[in-house]
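Before any comments, here is the structure.
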There are 2 protein chains.
Amino acid sequence: MQKQTLLTKNQQIIFDLIDRSPEPMKAYSILFNVQKKGIKAPLQVYRALDKLVEIGKIHKIESRNAFIACHNSSCQVAKATAFSICEICEKVTEISSAGLSKYLANFKDKDGMKYSKYNLEFFGLCKKCR
Amino acid sequence: MQKQTLLTKNQQIIFDLIDRSPEPMKAYSILFNVQKKGIKAPLQVYRALDKLVEIGKIHKIESRNAFIACHNSSCQVAKATAFSICEICEKVTEISSAGLSKYLANFKDKDGMKYSKYNLEFFGLCKKCR
DNA sequence: CTTTCTAATGTTATATTATTACATAATGTT
DNA sequence: AACATTATGTAATAATATAACATTAGAAAG
Ligand SMILES: [Zn+2]
Ligand SMILES: [Zn+2]
Ligand SMILES: [Zn+2]
Ligand SMILES: [Zn+2]
């Protein structure tokens, strides 16, 4: 095995693919693209995705069932994520706003409950599509 | 047909079921529960769900692929939703916070982009599970 | 270096979630 | 009445995700 920060073979193959993609990738599209590298079954993909999400290298866009690489060192290991999603071209951008993350990290509900994690998805039209 | 605010037969059956449920319901669980009322196919359920989401009577919890009835008049027709989700018992509560909704409705990203819609999911432990 | 433990992998089958396609019926509009 | 729009019924299938079980590779400990 290896240290925490190093990826295993399957994880690395799948991370590289997602990291190079200009758009979020879906699990079966990932599967199709890595079959030539010997990853043949959905479960191999899902297991790598689970791990990559867990360690914060990628994020899942829940409303799209798709995955993007994290390019935001301040989203602390997948515990605080925010995205903007264009409803026309489906472009997804990770939002990194100190103000927003501070506001949400400190948000307490009526019962004074604080949360350990959040995911926020904004929808609208991107520059190009307006 | 009927006016905007009235539900059709299938929509009403499915809304009533979700509205009475103490927890978010999944599409095929809904299907199972309404089969005795004559709704036999997944598509009938998904069509009603789509419409109910569109008019703001229910919301989809994206991270769970489940649906809950809206009990918050201030979430303007499904355009601004926030939930708290317990990671142990899976209890979901719609958050209604004037401060939060104001903050998010006015949030602008670096490019000054404003968004027409958002969905926020907080995760943590509910009172009972702590 | 050998034993032991754990995480990752490989493989098959299956479960769960959601949509396409096409036909029909009901309602709204003029 | 004629037409447009929305909802419904039905069958088939696509897309997303997990269960179960066997095996392998590396880490940890003595
Ligand atoms: Zn990130
Ligand atoms: Zn766009
Ligand atoms: Zn609501
Ligand atoms: Zn709980």
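Predicted model only: the values in this text are computed from it and were never measured. In what follows, every chain begins at residue 1, and chains take the letters A, B, ... in the order their sequences are listed.
- Regarding B:Q11, its CD atom lies at a distance of 10 Å from the C1' atom of D:dT6, rounded to whole Å.
- Side-chain contact between A:I95 and A:L120 is absent, with no heavy-atom pair separated by less than 4.5 Å.
- C:dT6: Watson-Crick or G-U partner is D:dA25, with both key distances under 3.5 Å.
- When the C1' atom of D:dA7 is taken as reference, atom CD of B:E54 falls 13 Å away, rounded to whole Å.
- Rounded to a whole Å, the CD1 atom of A:I61 is 16 Å from the C1' atom of D:dT16.
- Contact check, B:K9 against D:dT8: no side-chain N or O comes under 4.0 Å of OP1 or OP2.
- Annotation: side chain of B:T81 is not in contact with side chain of B:N72 (no heavy-atom distance under 4.5 Å).
- Looking at A:I85 and A:S63, their side chains come closer than 4.5 Å, going by heavy atoms from C-beta outward.
- Expressed to the nearest 0.5 Å, how far OG of B:S96 lies from NZ of A:K110 amounts to 3.5 Å.
- Taking A:R47 as the reference, nothing meets the side-chain hydrogen bond (donor to acceptor under 3.5 Å, both in side chains) condition, with sequence neighbours excluded.
- Atom-to-atom, CG of A:L49 to P of C:dA8 comes out at 14 Å; the value is rounded to the nearest Å.
- The side-chain hydrogen bond (donor to acceptor under 3.5 Å, both in side chains) search around A:D109 returns A:Y115, not counting sequence neighbours.
- A straight line from NZ of A:K26 to P of D:dA17 spans 8 Å, rounded to a whole angstrom.
- Identified under the salt bridge (Lys or Arg N to Asp or Glu O under 4.0 Å) test for residues 117-130 of chain B, with sequence neighbours left out: A:E87-B:K117.
- Within the 4.0 Å cut-off from OP1 or OP2 of C:dA7, not a single side-chain nitrogen or oxygen of A:K51 is found.
- Within the structure, side-chain hydrogen bond (donor to acceptor under 3.5 Å, both in side chains) pairs that include any residue of residues 14-41 of chain B comprise B:Q12-B:D16, B:D19-B:H71 (at least two apart or interchain).
- Of the residues in residues 30-37 of chain A, none has a non-hydrogen atom less than 4.0 angstrom from any atom of DNA chain D.
- For residues 38-47 of chain B, proximity to DNA chain C is found at B:L43, B:Y46, defined as any non-hydrogen atom under 4.0 angstrom from a strand atom.
- Atom P of nucleotide D:dA7 and atom CD of B:Q12 are separated by 14 Å, given to the nearest angstrom.
- For B:Y28 and C:dT16, the ring-to-base geometry does not satisfy the stacking test (centroid distance below 5.5 Å, interplanar angle below 30°).
- Distance A:R64 CZ to D:dA15 P: 17 Å, rounded to the nearest Å.
- OP1 or OP2 of D:dT8 sits under 4.0 Å from a side-chain N or O of B:T8.
- Side-chain atoms of A:T8 and A:K51, non-hydrogen and from C-beta on, never get closer than 4.5 Å to each other.
- The interatomic distance linking A:L7 (CG) with C:dA8 (P) rounds to 10 Å, in whole Å.
- Nearest nucleotide to the B:N65 side chain, out of D:dT16, C:dA18, D:dT8: C:dA18.
- For the OP1/OP2 pair of D:dA17 and a distance below 4.0 Å, the side-chain nitrogens and oxygens of A:K60 include at least one atom meeting the criterion.
- Heavy atoms only, all atoms of each residue included: B:I58 and B:F15 are closest at CG2-CD1, 3.8 Å.
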